[in-house]
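First up is the structure itself, then whatever we jot down about it.
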There are 2 protein chains.
Amino acid sequence: MAIESPTFSPLYRQIKDLLIQALQAGEWQPGEAIPSENELAVRFGVSQGTVRKAVDELAAEHMLIRRQGKGTFVATHDDPRSFFRFLRLVSNTGSVEPSISVPLECVRGRAGQEASRVLSMEVGEPMVMVRRLLKFGDKPVVLDEIYLRGELFVGLNLEVLQSWEGSLYSLFESRFGVRMIRATEKIRAIAADRNSAEVLCVAENTPLLSVERVSHTYGDKPVEWRRGLYLTTEHVYLNELG
Amino acid sequence: MAIESPTFSPLYRQIKDLLIQALQAGEWQPGEAIPSENELAVRFGVSQGTVRKAVDELAAEHMLIRRQGKGTFVATHDDPRSFFRFLRLVSNTGSVEPSISVPLECVRGRAGQEASRVLSMEVGEPMVMVRRLLKFGDKPVVLDEIYLRGELFVGLNLEVLQSWEGSLYSLFESRFGVRMIRATEKIRAIAADRNSAEVLCVAENTPLLSVERVSHTYGDKPVEWRRGLYLTTEHVYLNELG
DNA sequence: AAGTGGTCTAGACCACGTC
DNA sequence: ACGTGGTCTAGACCACTTT
């Protein structure tokens with residue numbers, strides 16, 4: 001008679017956790033292929049079908065990407081599909097303009113009360129703050145203020161940001177080994193203050209979206225706190241209610 | 001030598017489509033249990049595992065709900081979990097207040113150019129327009145203007161709306177047999193005009209979220225076009241980026 | 001005890017991509 | 001031709017709910 005574990009978890013979920021551990025440890029880099037299902041089945045001592053179910057869940061959560069005939073790959077923020085998962089902004093007209101990130105400021109400091117609460121840090125721990133502007137074509141559309149756990153982003157500065165071609169998450173992933181997995185956004189409507197209005201080239205008190213985001217990496221660890229001001233005269237925040 | 005169908009679709013997806021058809025036809029009502037996996041396997045002449053995969057997908061899309069030991073049930077908007085899928089508004093404080101729907105107006109008319117385009121109708125086809133206010137506690141928070149395909153909602157009027165306890169989608173589902181499956185929202189920040197400001201009890205030009213929604217029923221048929229004005233001083237629109 | 005969904009296995013075959 | 005993921009099957013057993 002076996003004692004039931006109080007927190008029973010099926011085999012495929014244990015395999016899933018092992019895979020997440022391996023991903024977190026960097027055993028396979030973003031963009032690389034992981035071993036085939038059969039190899040993983042042998043490695044973990046389970047059937048191929050059980051590995052399959054674990055991989056299925058990770059693929060559904062966008063941590064892995066399956067490609068029939070080729071293999072299963074570690075997801076990467078370089079992938080253009082990943083862009084729109086984390087920036088749900090499209091043009092009113094539906095036309096697709098490329099966005100350009102313009103870093104404005106990058107300063108290091110210590111966590112205040114609010115930041116430490118949101119990022120599960122102690123007050124006074126090192127932090128990095130980034131301000132940047134996002135342009136669609138010539139027009140400034142998003143003003144972001146980004147707070148990051150300092151210990152994870154040593155060496156991040158304005159120069160690094162300015163010389164990087166690509167998305168921020170792409171940079172974080174390849175330069176600092178921090179992969180954003182999921183995020184939560186809180187959206188409000190606010191009036192532009194003098195400073196934001198100036199940067200976004202609109203009149204003071206123009207209504208803006210305030211998008212507050214907390215991003216998490218493996219193990220649901222919060223690593224980024226971000227507040228974006230979105231100008232929505234020519235763009236829209238798109239959301240699917242599935 | 002068989003000719004390959006150009007639009008190959010695996011067995012479980014065909015089963016899935018058959019299940020959707022049955023749901024659409026109302027073979028099983030919202031809240032009811034559908035036949036067991038084994039029964040369905042016999043009925044469709046496939047293995048239980050194939051039925052399982054079809055049901056898995058429908059459960060992932062919230063059309064069915066699995067309950068171990070009990071059976072698989074047709075999803076219903078009466079379920080409180082369904083509420084927050086389609087109204088992603090929570091209090092700033094995190095406290096959960098119940099929301100009350102106050103119908104203001106219900107008029108019938110004919111589709112204009114914009115409405116007909118969004119709902120894939122012909123200009124001039126019958127429509128119903130509903131205006132309603134959503135209150136959290138005593139406070140008005142959302143002003144909705146809702147356009148529905150008239151032919152699907154015969155008998156919908158202000159009296160029906162006022163006498164209904166529960167969500168709109170709950171009413172649509174049980175009274176008119178129209179189940180909303182998924183929706184797309186476009187979010188902007190705008191300034192309250194005189195009328196909206198008055199109804200929401202705020203000053204003119206107060207920033208509001210403009211949430212434009214198109215809801216779809218089975219077969220991705222658009223049946224509702226809705227524009228909500230959200231007051232976000234004490235509430236937030238919550239979104240998960242998975 | 002019986003019925004439901006949930007897990008796990010093993011094996012066969014298909015579709016896709018590469019060599 | 002071969003290796004990959006994708007589908008389908010059949011059967012065993014587990015966990016949960018109801019009778």
Side-chain angles (χ1 to χ4, degrees), chain A residues 1-19 22-23 28 31-76 79 81, chain B residues 1-19 22-23 28 31-76 79 81:
Chain A
M1 180 171 63
I3 304 291
E4 276 303 324
S5 164
T7 55
F8 166 76
S9 131
L11 235 194
Y12 74 85
R13 211 168 278 277
Q14 300 173 36
I15 304 300
K16 180 184 174 187
D17 289 341
L18 290 174
L19 287 172
L23 286 167
W28 315 293
E32 283 181 14
I34 70 171
S36 76
E37 295 182 347
N38 280 320
E39 285 177 275
L40 291 172
V42 172
R43 161 163 167 182
F44 295 127
V46 300
S47 80
Q48 183 256 7
T50 300
V51 169
R52 166 159 282 266
K53 185 141 190 183
V55 172
D56 275 347
E57 289 205 356
L58 291 171
E61 295 166 23
H62 305 111
M63 293 199 220
L64 296 176
I65 296 175
R66 316 189 81 128
R67 282 184 234 176
Q68 184 172 152
K70 300 188 71 171
T72 300
F73 299 76
V74 181
T76 166
D79 188 325
R81 276 163 296 192
Chain B
M1 181 171 64
I3 305 292
E4 275 302 323
S5 164
T7 56
F8 166 77
S9 131
L11 238 194
Y12 74 85
R13 210 168 280 277
Q14 301 174 36
I15 303 300
K16 181 184 173 186
D17 289 340
L18 290 173
L19 288 172
L23 286 167
W28 316 293
E32 283 181 16
I34 70 172
S36 75
E37 294 182 349
N38 281 319
E39 285 177 276
L40 290 171
V42 172
R43 162 164 167 181
F44 295 126
V46 298
S47 81
Q48 183 256 6
T50 299
V51 169
R52 165 160 283 266
K53 185 142 188 181
V55 171
D56 275 347
E57 288 205 357
L58 291 170
E61 295 166 22
H62 305 111
M63 293 199 218
L64 296 176
I65 297 176
R66 293 174 163 292
R67 282 183 234 178
Q68 182 172 158
K70 301 188 71 171
T72 301
F73 298 78
V74 182
T76 167
D79 188 322
R81 277 164 295 191

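Atom CD1 of residue B:I34 and atom CG of residue B:L23 lie 7.0 Å apart, to the nearest 0.5 angstrom. Separation of atoms CG (A:L40) and OG1 (A:T50) is listed at 12.0 Å; rounding is to 0.5 Å. Rounding to the nearest 0.5 Å gives a distance of 4.5 Å between CZ of B:R66 and CZ of B:R52.
Using a 4.5 Å cut-off on side-chain heavy atoms (C-beta onward), A:R81 and A:H62 make no contact. Using a 4.5 Å heavy-atom threshold, the side chains of A:T72 and A:L58 count as separate. Contact of the B:F44 side chain with the B:L11 side chain is not registered, since no non-hydrogen atoms from C-beta on lie closer than 4.5 Å.
Checked by atom type and distance alone, the side chain of A:E32 never pairs as donor or acceptor with a backbone atom of A:V74 at under 3.5 Å.
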Exercise. Could you write nucleotides 2-8 of chain C as a row of B, S and -, 5' to 3', where a protein heavy atom under 4.0 Å of any base atom gives B, of only sugar-phosphate atoms gives S, and otherwise -?
Worked result: -BBBBBS
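Note on the helix from C:dA1-D:dT18 to C:dT18-D:dA1: angle between the axes of the first and last five pairs equals 10°, rounded to 10 degrees.
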